[in-house]
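Following: one structure in structure tokens, then a few remarks.
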Amino acid sequence: MKKLELLAPAKNLEQGVAAISHGADAVYIGAPLFGARVAAGNSVNDIEELVRYAHTYGARVYTTVNTILFDNELEDAAILIRELYNVGVDALIIQDMGLLELDLPPIALHASTQTHNYDPRRIEFFEKVGFQRAILARETSIEQIREIHSQTPIELEAFVQGALCVCYSGQCYMSQYLSQRSGNRGCCGQPCRSYYDLYAGDSEGRELHLLRENEHLLSLKDFNASQHLAEMIDAGITSFKIEGRLKDLSYVKNVTAYYRQLLDSIMAEREDCEAQSFGQTQFFFTPDLEKTYNRGFTDYCLTFPSQNTQKGRKRMASISTQKAIGKEVGKIVASDNKALKVKSQEHFTSGDGLCFLNRNNQLEGFLVNHAEPLGGGLWRIVPNRMPETVPPQTTLCRNNDFAFEKQLQGNTAERKMAVSMQLTETETGLELTIVDRYGNRGNAAVACEKSPARDMEKATSQLIKQLSKMGDTPFSLAQPPEGTDLPYFFPASIINELRRQATADLIERIIQANRPQDIVTEKNSEPYFEKELDYRANVVNQQSAAFYHRHGVAHIEEGLEKTHDYEGKALMTTKYCIRYELGMCLKNANTQERRDLFLRNNKNLFHLEFDCARCEMQVRLAGKK
């Protein structure tokens, strides 16, 4: 039976608990140090509390220690990893191979997407040196996933939702060059979301002619693979990852719930798959991906053919804006100096955030001060700030649904595991046993007086009522408690305490049963598939170099975070192609613009190079002007 895992982000303990409550089979969370989202670190104590909550449902907690490390940080990283192991973390997500040279505790290792898991040879290598899982590059197509799965038994994890890095993960040095904020060190400044001007000229960057001005030419839409889950399962994916350790609580609730329902629907029609964790989740709202922060959606490279032709390739950038667009909700059909008339089937309310692309193709937004239905699908919308000009039939989007966000702030889900309950009379009182479907047993006994019941039917009814009060526990009764036909009356306080103790005992037993098994990573000499490594291997410490030397690599170039030598280096390598996005693909015989292309950001000029055989684009430093 194939175990499927819905993996949700946790910025902090609260969001981790919410993710599990909304159906996640696992969460990933940042440690106090060395995580690829430096603003999303958490104390070991909070991670321990999250582990206990997750393990109650058989869910897992993975901790990110996935930055590259300098030599003076390795000892602290080793101490941290030992602490994470001691509190029961299920796996570490890592990037730096130097960690494998340390004396690690017996904990599972996942190769971060920052290790650029795109080449089947690299992923097969990771499996052979002890990794249990590879987190695939977002650029991996379903066809490539199938190929990788056929070559290695390693677990495969893939992103299904969230923001996209335009560059191959782990291969982006733009932020490091521009601001000394390294993405490989967890503090990317997101230069891909900035404004750029596009120029054409000769290969030396002379005689430049402006083609596009002040646009977000490297900013991608958000990833959405919701229509491809069944194909991904068949290709070999077992863990479906939601991006978003910097997103808010409503995002975690909404997106986790949406994918929980999708996966449950798929599994209901298949006999070869089941959820990794336990329990059924009931939702008190209707999940909707479009109502959560998004820049519009793309399935990115999932459906790319192996031939790298234009067939199947779709536009994937959000050039007009890097901000949230939200859900299309209607058309602006008229306006005056006070209000907009909107044609829509949606319901609007004060506090909604609405936006549209203006005449300059820039995103313009406002808050709703007043919304009045006019009938016939028409609304009168009074903005807090009236737009200067709005062409009729302008598409209107809602990037903040006030009513939906308010609903998400309340109680939105309940996750329960079915149990059975057996009450037994003892010589001195009562014993209660609660059993879950996996055989875990919680027990409690109490000494108490056995007063004969004056009304046995009433006494039994009260006994069942008190025992059945599972409240905010993780459990629900699959059937009425057994053994309640006793000829005695028991005070409610006695029965309630008995139930609480048995429930607490069962929770502890489930947590202990779900503690991860020790996995020892033994050093070996499995040959790496290359003999030389350049700066893109991100080697910045001696232990990382020792790891690759042990695996047969003869020459290793140090990483840019250490050398700061950017001349001639690709600062970005990406499957996104500006030429294709703007209708200038060189594979198209009708393309008029065949000169070299350049991006300018403030004083920085970058040369764009295109590998049409691989459908890849590189951004290189061209100089400053």
Side-chain angles (χ1 to χ4, degrees), residues 139 164-168 171-181 183 188-221 298 301 308-310 313-322 357 359-363 534-536 560 563-625:
E139 294 79 7
L164 285 167
C165 294
V166 69
C167 181
Y168 285 118
Q171 307 292 286
C172 185
Y173 309 97
M174 184 75 91
S175 179
Q176 167 72 17
Y177 167 72
L178 291 172
S179 62
Q180 296 299 298
R181 295 175 60 185
C188 178
Q190 296 190 320
C192 54
R193 303 297 181 188
S194 295
Y195 289 105
Y196 291 89
D197 299 331
L198 180 67
Y199 291 86
D202 64 20
S203 61
E204 299 300 320
R206 296 174 300 212
E207 300 179 6
L208 296 179
H209 299 276
L210 182 66
L211 301 180
R212 307 287 287 252
E213 185 177 15
N214 212 33
E215 292 184 310
H216 301 278
L217 293 166
L218 294 175
S219 182
L220 297 185
K221 298 177 181 178
T298 172
C301 302
N308 286 316
T309 64
Q310 294 181 33
R313 188 171 186 131
K314 303 172 185 175
R315 299 290 190 266
M316 58 182 66
S318 179
I319 289 175
S320 299
T321 180
Q322 87 285 21
L357 292 176
R359 292 182 185 275
N360 298 322
N361 205 35
Q362 294 177 334
L363 193 71
D534 65 15
Y535 66 97
R536 291 170 295 183
L560 293 185
T563 67
H564 305 286
D565 177 17
Y566 307 104
E567 294 294 331
K569 307 291 196 306
L571 300 181
M572 283 187 181
T573 303
T574 172
K575 293 293 285 187
Y576 164 69
C577 177
I578 284 180
R579 281 192 173 276
Y580 184 86
E581 196 75 21
L582 300 180
M584 297 185 290
C585 178
L586 294 175
K587 293 181 181 180
N588 187 339
N590 296 321
T591 296
Q592 299 298 312
E593 184 56 76
R594 294 184 175 273
R595 292 174 293 178
D596 281 39
L597 298 183
F598 298 82
L599 291 177
R600 186 188 296 280
N601 173 274
N602 296 323
K603 296 181 180 180
N604 300 289
L605 188 67
F606 303 99
H607 187 201
L608 301 181
E609 297 183 1
F610 300 90
D611 184 339
C612 295
R614 296 172 58 87
C615 265
E616 287 184 346
M617 180 181 78
Q618 288 189 341
V619 181
R620 294 177 180 269
L621 185 63
K624 297 182 179 180
K625 292 190 176 182

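Just so we're clear, the structure is a prediction, and the values are computed from it rather than from any experiment. Along the sequence shown, the residues carry numbers beginning at 1.
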**Request:** For E609, check side-chain hydrogen bond (donor to acceptor under 3.5 Å, both in side chains) against everything at least two apart and list the hits.
**Result:**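 Applying side-chain hydrogen bond (donor to acceptor under 3.5 Å, both in side chains) to E609 gives R620.
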
**Asked** What residues, two or more places apart in sequence or in another chain, satisfy side-chain hydrogen bond (donor to acceptor under 3.5 Å, both in side chains) together with S194?
**Response** none

Rounded at 0.5 Å granularity, tell me how far [atom1] in [X] sits from [atom2] in [Y].
X	Y	atom1	atom2	value
T321	L357	OG1	CG	8.0 Å
Q190	C172	CD	SG	10.5 Å
M584	T591	CE	OG1	8.5 Å
T298	K314	OG1	NZ	7.5 Å
L571	Q171	CG	CD	12.0 Å

Can you tell me if [X] uses its side chain to pair, donor with acceptor, with the backbone of [Y] under 3.5 Å?
X	Y	answer
R579	K587	no
E581	M316	yes
Q592	N590	yes
S175	R181	yes
E139	T574	no
Y576	C165	no
E593	R595	yes

So do the side chains of [X] and [Y] get within less than 4.5 Å of each other, counting heavy atoms only?
X	Y	result
F610	L597	yes
K569	Y173	no
E616	T573	yes
L582	L211	no
M572	C192	yes
E567	L621	yes

**Message:** Go through it in stages, so that I can follow the logic: the residues are L599 and L198, the test is side-chain contact (heavy atoms from CB on, under 4.5 Å), and I'd like the CA-CA distance, side-chain angles, deciding distance and then a yes or no.
**Reply:** CA-CA 5 Å; L599 291 177; L198 180 67; 3.8 Å; yes

If you look at every heavy atom in [X] and [Y], which pair is closest and at what distance?
X	Y	answer
L220	L164	CD1-CB, 3.9 Å
S219	R193	OG-NH1, 2.8 Å
Y199	L208	CD2-CB, 3.8 Å
M174	P191	CG-CG, 3.5 Å
Y535	A570	OH-N, 2.8 Å
D202	D596	O-CB, 3.9 Å

**Request:** Tell me, with the steps shown, if H216 and Y195 meet ring pair (Phe, Tyr, Trp, His ring centres under 6.0 Å).
**Result:** CA-CA 5 Å; H216 301 278; Y195 289 105; 4.2 Å; yes

**Request:** Name the orientation class of the two ring planes belonging to H607 and F598 (parallel below 30°, tilted from 30 to 60°, perpendicular beyond 60°).
**Result:**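 Ring orientation, 0 to 90° scale: parallel.
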
**Message:** Tell me every residue that passes ring pair (Phe, Tyr, Trp, His ring centres under 6.0 Å) with Y168, counting only those two or more places apart in sequence or in another chain.
**Reply:** H116, Y118

**Asked** Hey, mind stepping through Y580 and M617 against side-chain contact (heavy atoms from CB on, under 4.5 Å) and telling me if it holds?
**Response** CA-CA 10 Å; Y580 184 86; M617 180 181 78; over 6 Å; no

